[in-house]
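To start, the structure under review is shown below, and the notes come after it.
Scope of the values below: all heavy atoms of this structure, side chains included, with no hydrogens, waters or symmetry mates. Remember, predicted model here, so these are calculated numbers, not experimental data.
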Amino acid sequence: ATSSRAQGANILPLVEVDSKNPKKLEGPYVVLLRHGRTPHNNMQLFTGWEDPPLADEGIEDAKNAGRLLKLHGVEFDVVYTSWLTRAIQTAYYCLLELDAVWLPMVKSWRLNERMYGALTG
């Protein structure tokens, strides 16, 4: 059995917020965001360092994350991501919803997912 989260459950705010008058979240803070779903995720395969792009559902996951962050008044100064396409795409679609695609995006292989070797795919 899979959880509703694995099947793309709707993202709901943790607290009540006024969507017409969002307040800026006071910082500093760190936000960790997992990449959106890929075809590998949908087939329940280990992805590791293989580099599939986001599936259509994964693009929506990323956009929903951006909308939720915007609703809570989250603003960023910089974005850190791995070199993997799915992570870069997730960051981009999230930032698109935040009207913040202009932010610097620092990419590092050190943030890549674990290498699974023969278990990949």
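Of all heavy-atom pairs between Ser82 and Ile88, the closest is O-CG1, 3.6 Å.
In this structure, the separation between CD1 on Ile59 and CG on Leu54 is 6.0 Å, given to the nearest 0.5 Å. Rounded to the nearest 0.5 Å, atoms OG1 (Thr85) and CG (Asp51) are 3.5 Å apart.
Sparse packing is recorded around OH of Tyr92, with 12 or fewer heavy atoms of other residues, nucleotides or ligands lying under 6.0 Å away.
Residues Arg110 and Trp83 are not in side-chain contact: their nearest non-hydrogen atoms beyond the backbone lie 4.5 Å or more apart. Contact annotation: the side chain of Val79 never approaches that of Val106 to less than 4.5 Å [non-hydrogen atoms, C-beta and beyond]. Contact annotation: the side chain of Leu103 never approaches that of Val101 to less than 4.5 Å [non-hydrogen atoms, C-beta and beyond]. You'll find the side chain of Met105 reaches within 4.5 Å of the side chain of Leu95, heavy atoms only. Val31 places a side-chain heavy atom less than 4.5 Å from the side chain of Leu69. Residues Val74 and Tyr29 form a side-chain contact, since some pair of their non-hydrogen atoms from C-beta on lies under 4.5 Å apart.
A side-chain donor-acceptor contact under 3.5 Å links Asp61 to the backbone of Arg37.
Within the structure, salt bridge (Lys or Arg N to Asp or Glu O under 4.0 Å) pairs that include any residue of residues 86-98 comprise Arg67-Glu97, Arg86-Glu113 (at least two apart or interchain).
In this structure, the side chain to side chain donor-acceptor pair (under 3.5 Å) partners of Asp99, at least two apart in sequence or on a different chain, are Lys70.
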